[in-house]
Colleague: 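Once you've had a glance at the structure underneath, I'll fire off some questions.
Since we're looking at a predicted model, the values are computed, not measured. All chains are named by letter (A, B, ...) in the order of the sequence lines, taking the proteins before the strands, and each is independently numbered beginning at 1.
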2 protein chains.
Amino acid sequence: MTPEPTAPVRMTRQRRALDAILETTDGFLSAQDLHVRLRSGGDRVALATVYSQLAKMAEAGEVDQIRTEAGEALYRRCRSEHHHHLRCRSCGLVEELDAPAVEAWAGEVARTSGWDEIAHSVEVTGICPSCQRG
Amino acid sequence: MTPEPTAPVRMTRQRRALDAILETTDGFLSAQDLHVRLRSGGDRVALATVYSQLAKMAEAGEVDQIRTEAGEALYRRCRSEHHHHLRCRSCGLVEELDAPAVEAWAGEVARTSGWDEIAHSVEVTGICPSCQRG
DNA sequence: CTTTTTGCAAATCTTTTGCACTCTA
DNA sequence: TAGAGTGCAAAAGATTTGCAAAAAG
């Protein structure tokens with residue numbers, strides 16, 4: 001569908017370090033979060049490099065990208081298949097959700113709308129059990 | 001549920017001008033778009049004022065707010081009740097969608113997840129018929 | 001070697017803020 | 001007249017970019 005003049009991907013120390021963190025993290029992290037974690041882990045990587053790598057990974061479909069209400073981008077390694085998120089507006093906790101009903105509905109939209117290359121994402125937010133107490 | 005220390009709303013020239021544009025516009029507009037339209041229409045309104053008014057309207061639930069992939073906020077007057085959007089990744093065109101299946105599913109998540117104050121939003125994107133030709 | 005990737009710092013861009021001043025109610 | 005709203009210009013933040021130096025293949 002898309003001819004993509006795919007550029008080679010060079011495995012640099014920085015790229016590996018970033019991969020490692022994404023690999024071992026479940027939730028979503030901002031570029032800045034990732035940068036902090038890299039440094040805390042002893043990896044010296046420029047913030048601009050983090051951004052540039054994330055951009056490539058996102059384009060290659062290797063990471064999911066969502067947006068905070070504040071407009072900040074959050075990333076995480078794509079897990080298995082397609083799914084959605086339940087995010088706590090108070091603490092940021094993210095849980096995965098299965099949404100068969102939504103998938104079916106999206107499929108129908110794709111089929112009947114006359115639009116092409118339909119993609120969908122569902123953001124469900126709320127206050128998680130732990131924050132209801134806190 | 002939320003006591004809201006509702007502040008009074010004063011109808012200023014600027015507020016009215018902004019209302020007028022939102023009232024007569026179907027699609028989503030960014031704060032900057034709105035600012036440009038105001039000026040083209042001869043209304044001198046500070047960009048900061050546009051942002052400030054939009055923030056109030058959004059908080060009051062008078063406008064819908066969505067986010068561009070680029071992280072830019074887009075607003076428009078709330079139509080009818082709850083609904084979702086089908087946005088063209090190529091030209092930005094936005095259509096409204098009804099999603100009864102999604103509503104039902106969200107309701108169930110709210111009921112069974114243990115989370116509170118659940119809200120959801122669905123972003124469906126694709127290439128609109130007109131862009132498929134262009 | 002050739003080309004991608006880095007690292008900085010400077011540059012962009014959207015959105016927010018501080019504050020004195022101007023209006024609405 | 002009290003206090004919300006306004007207009008600037010400056011401040012914040014996140015993300016991008018320009019470019020020379022470093023490193024991957």
Colleague: Check whether any side-chain N or O of A:Tyr51 sits under 4.0 Å from OP1 or OP2 of D:dT16, and answer yes or no.
Modeller: no

Colleague: Looking only at side-chain atoms of A:Ala48, point me to the closest of C:dT5, C:dT14, C:dA9.
Modeller: C:dA9

Colleague: With no hydrogens and no angle check, do the side chains of A:Glu103 and A:His84 hold a donor and an acceptor under 3.5 Å apart?
Modeller: yes

Colleague: Would you please classify the geometry between the B:His85 ring and the B:Phe28 ring as parallel, tilted or perpendicular, with 30° and 60° separating the classes?
Modeller: perpendicular

Colleague: Select from B:Val9 and A:Thr12 the residue whose nearest nucleotide in DNA chain C is closer to the 5' end of that strand.
Modeller: A:Thr12

Colleague: Checking all strands, does B:Gln53 fall into the base, sugar-phosphate, or nothing category for heavy-atom contacts under 4.0 angstrom?
Modeller: sugar-phosphate

Colleague: Tell me, do A:Arg15 and A:Val9 make a side-chain contact under 4.5 Å, heavy atoms counted?
Modeller: yes

Colleague: Categorize A:Gln14 for me: base, sugar-phosphate, or nothing, with a 4.0 angstrom heavy-atom threshold over every strand shown.
Modeller: sugar-phosphate

Colleague: Specify the separation, in whole Å, of atom CG of B:Leu54 and atom C1' of D:dT6.
Modeller: 15 Å

Colleague: Testing B:Glu62, B:Glu23, B:Glu96 for salt bridge (charged side-chain N to carboxylate O under 4.0 Å, His left out) with B:Arg76, which one passes?
Modeller: B:Glu96

Colleague: Respond yes when some side-chain nitrogen or oxygen of B:Lys56 is under 4.0 Å from OP1 or OP2 of D:dG5, and no when none is.
Modeller: yes

Colleague: Checking contacts here: which listed nucleotide (C:dA25, C:dT4, D:dA14) is nearest the side-chain heavy atoms of A:Pro8?
Modeller: C:dT4

Colleague: Taking for each residue the nucleotide of DNA chain C with the nearest heavy atom, is it B:Arg10 or B:Ala73 whose nucleotide lies nearer the 5' end?
Modeller: B:Ala73

